[in-house]
Amino acid sequence: MQNVYEGLDIITNKVSAQEQRMCQHHMLSFVDPLVTNYTVVDFRNIFARDKIPIVVGGTNYYIESLLWKVLVNTKPQEMGTERVIDRKVELEKEDRHALHKRLSQVDPEMASRLHPHDKRKVARSLQVFEETGITHSEFLHRQHAEEGGGPLGGPLKFPNLCILWLHADQTGKSPLMP
């Protein structure tokens with residue numbers, strides 16, 4: 001869960017008001033989780049503004065979306081002047097077993113990796129196939145095969161990347177205090 005959501009300060013371990021005064025923070029509390037269908041693609045696209053982000057903490061999937069070429073772009077279909085259909089949302093309304101069966105027909109490899117109860121991921125894989133004509137598993141294979149690709153996905157997006165990883169003591173004891 002990211003700190004972009006408003007009203008979820010404790011569950012997202014949001015920085016305090018005092019910490020925010022000491023160092024300027026951006027992208028805090030701007031998404032209403034009850035109203036907005038905010039996705040990792042939305043998060044990734046915010047950083048496509050030729051700015052150098054300093055990302056501190058967050059969900060691995062969101063951080064990976066900034067570092068690696070791992071996301072498959074699909075766009076909602078325009079219907080008329082204002083109506084936009086999000087195919088994934090439409091698919092999620094269907095029976096999960098029927099969705100998984102359909103996925104196993106078009107992309108058996110992805111279907112074997114996803115649990116039939118994980119309707120969100122199954123629907124996403126079907127959406128990728130329906131909107132691009134390429135199976136989700138094929139997209140992943142292509143990303144891994146690109147120069148610089150590997151088990152996490154395609155190559156890194158940026159040539160000069162600096163990643164610092166801090167390991168926290170899970171016992172709750174501070175390394176600074178005896």
Side-chain angles (χ1 to χ4, degrees), residues 1-5 12 26-27 31 33 36-79 83-168:
M1 183 145 323
Q2 297 300 110
N3 287 324
V4 298
Y5 297 107
T12 61
H26 302 278
M27 297 180 58
V31 175
T36 307
N37 186 16
Y38 186 78
T39 68
V40 68
V41 173
D42 299 318
F43 178 78
R44 188 235 14 229
N45 290 345
I46 287 173
F47 287 99
R49 298 181 183 168
D50 294 330
K51 302 269 185 187
I52 299 174
I54 297 174
V55 180
V56 180
T59 306
N60 281 347
Y61 187 52
Y62 280 69
I63 293 170
E64 288 170 6
S65 77
L66 300 176
L67 302 176
W68 284 275
K69 297 177 184 177
V70 294
L71 298 177
V72 178
N73 286 324
T74 56
K75 296 180 181 175
Q77 298 174 344
E78 300 281 338
M79 297 293 292
R83 190 165 173 230
V84 174
I85 293 179
D86 185 337
R87 182 63 180 141
K88 181 174 169 279
V89 171
E90 293 296 312
L91 287 165
E92 286 177 349
K93 294 176 183 174
E94 297 181 27
D95 176 72
R96 66 179 178 243
H97 295 293
L99 283 176
H100 196 267
K101 183 177 180 181
R102 191 171 347 146
L103 181 61
S104 54
Q105 291 168 346
V106 297
D107 191 353
E109 181 181 343
M110 205 62 180
S112 71
R113 293 169 56 180
L114 299 175
H115 194 280
H117 292 203
D118 195 344
K119 189 186 273 193
R120 184 182 58 82
K121 289 183 181 178
V122 171
R124 174 64 178 147
S125 286
L126 280 169
Q127 176 195 22
V128 167
F129 175 72
E130 290 180 6
E131 295 182 2
T132 68
I134 301 170
T135 64
H136 199 174
S137 59
E138 178 59 26
F139 264 108
L140 296 177
H141 286 300
R142 288 178 185 184
Q143 288 177 344
H144 294 240
E146 288 182 42
E147 183 178 344
L152 290 176
L156 290 170
K157 288 182 180 182
F158 308 101
N160 300 312
L161 191 63
C162 178
I163 302 172
L164 303 174
W165 191 273
L166 299 176
H167 180 74

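Quick note: numbers below take in every heavy atom, side chains included, and nothing from hydrogens, waters or symmetry partners.
The heavy-atom pair separating V106 from F129 by the smallest distance is CG1-CE2, 3.7 Å. Nearest heavy atom pair, residue S104 against residue A111, reads CA-CB, 3.4 Å. The two residues L140 and R113 make their nearest non-hydrogen contact at CD1-NH1, 3.7 Å. Closest approach of L99 and K119 over heavy atoms only: CD1-CG, 3.7 Å. Heavy-atom minimum distance, S125 versus L103: CB-CD1, 3.7 Å. A pairwise comparison of heavy atoms in Q127 and R124 identifies OE1-NH1, 2.8 Å as the closest pair.
For the residue pair Q105/R102, the side-chain donor-acceptor check at 3.5 Å is not satisfied.
Side chain of H100 to backbone of L114: a donor-acceptor contact under 3.5 angstrom is found.
Remark: P108 pairs with no residue by the side-chain contact (heavy atoms from CB on, under 4.5 Å) rule, at least two apart or across chains. Checked against side chain to side chain donor-acceptor pair (under 3.5 Å), H141 has the following partners two or more places apart in sequence or in another chain: E109.
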Verdict with supporting geometry, M110 and V128, side chain to side chain contact (heavy atoms under 4.5 Å, CB included): CA-CA 11 Å; M110 205 62 180; V128 167; over 6 Å; no
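Pairs of residues two or more places apart, or lying in two chains, that qualify as salt bridge (Lys or Arg N to Asp or Glu O under 4.0 Å) and include a residue from residues 138-151 are E138-R142.
Side-chain contact between V122 and R96: absent, with no pair of heavy atoms (C-beta onward) separated by less than 4.5 Å.
R120 CZ to E92 CD: the interatomic distance, rounded to the nearest 0.5 Å, is 8.0 Å.
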